[in-house]
Amino acid sequence: NEVIRGFFQYQFQELETVGRSSADLFGMTLWHSDSGYDMNIGQTLADAIPFFDYISPMLYPSHFGSDVFKEFDNPAEHPYEVIFQSFEKIKPMMASLEELGIELPKIRPWLQAFNLGAKYKNTRMINLQKQAVKDGGGYGWLLWNARNDYYDLEEALKK
């Protein structure tokens with residue numbers, strides 16, 4: 001993770017006069033947010049925080065296992081809980097950093113807009129995710145669908 005942190009710092013120094021910056025991180029980085037454990041992917045939330053204005057974790061409920069959400073056999077069927085609890089998980093760390101005077105980035109997650117583990121191509125599932133972001137203190141959201149197929153979601157995107 002030293003290499004990734006070094007890259008974050010380098011891009012920050014090179015681009016800080018250009019405008020705002022953002023980073024997409026794996027959703028599990030919110031569950032393992034300290035810099036001591038990078039899940040063998042080189043990403044930690046703590047390493048990214050000082051260098052970005054926005055951080056967009058990929059909080060696709062289908063990508064969480066029952067090892068994280070022991071109360072659910074299939075976390076994909078519980079989008080509100082997965083996303084809201086992910087925000088709750090980082091609140092203590094964010095509060096500690098804010099007390100130290102570190103400017104915090106806005107958390108603007110990627111949400112699931114594809115069917116995997118549960119049917120997500122419907123207004124209800126999108127709205128549950130959006131509400132979890134709002135209730136968790138997020139700053140907006142982004143939708144991801146690898147096929148770029150958002151046609152069935154027009155109603156969910158109106159609000």
Can you check whether [Y]'s main-chain N or O pairs, donor with acceptor, with [X]'s side chain at less than 3.5 Å?
{"X": "N145", "Y": "Y150", "result": "no"}
{"X": "K121", "Y": "D149", "result": "yes"}
{"X": "Q11", "Y": "F8", "result": "yes"}
{"X": "Q112", "Y": "S62", "result": "yes"}
{"X": "Q129", "Y": "Y80", "result": "no"}
{"X": "E71", "Y": "P75", "result": "no"}
{"X": "Y120", "Y": "A76", "result": "yes"}

Side chains of [X] and [Y]: closer than 4.5 Å at any heavy-atom pair?
{"X": "L111", "Y": "K130", "value": "yes"}
{"X": "D24", "Y": "S56", "value": "yes"}
{"X": "K106", "Y": "I55", "value": "no"}
{"X": "I107", "Y": "Y54", "value": "no"}
{"X": "R5", "Y": "F51", "value": "yes"}
{"X": "W110", "Y": "L143", "value": "no"}
{"X": "S21", "Y": "L15", "value": "no"}
{"X": "P109", "Y": "V133", "value": "yes"}

Please check if atom NZ in K119 has more than 12 non-hydrogen atoms from other residues, nucleotides or ligands closer than 6.0 Å.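 12 or below, so no.
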
Within 6.0 Å of CD in Q13, more than 12 heavy atoms from elsewhere: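 Check passes, neighbour count above 12.
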
Taking [Y] as the starting point, is it possible to reach [X] by hopping between hydrophobic residues whose side chains are less than 4.5 Å apart?
{"X": "Y60", "Y": "M125", "answer": "no"}
{"X": "L128", "Y": "F114", "answer": "no"}
{"X": "F12", "Y": "Y10", "answer": "no"}
{"X": "L25", "Y": "I102", "answer": "yes"}

Evaluate side-chain contact (heavy atoms from CB on, under 4.5 Å) for Q85 paired with W31, printing each intermediate quantity in order. CA-CA 9 Å; Q85 288 180 37; W31 287 83; 4.1 Å; yes

Plane angle bin for F72 and H78 - parallel if under 30°, tilted between 30 and 60°, otherwise perpendicular: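 Parallel: the ring planes of H78 and F72 meet at under 30°.
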
Which one of L30, L97, I49 satisfies the side chain to side chain contact (heavy atoms under 4.5 Å, CB included) criterion with I90?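 Going through L30, L97, I49 one by one, the side chain to side chain contact (heavy atoms under 4.5 Å, CB included) with I90 is satisfied by L30 alone.
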
K91/E88 ion pair, N-O < 4.0 Å: yes

Exercise: identify the closest heavy-atom pair between P79 and P61: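 Shortest heavy-atom separation between P79 and P61 comes out as CA-CG, 3.8 Å.
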
Where do G136 and F87 come nearest, in terms of heavy atoms and distance?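 Result for this residue pair: O-CD2, 3.5 Å.
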
Cation-pi geometry met for R108 and Y139 (6.0 Å, 45°): no

Aromatic ring proximity F69/F64, centre distance under 6.0 Å: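 Yes.
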
Could you check F84 against Q131 for side-chain contact (heavy atoms from CB on, under 4.5 Å), going step by step and ending with a plain yes or no? CA-CA 9 Å; F84 181 77; Q131 189 64 49; over 6 Å; no

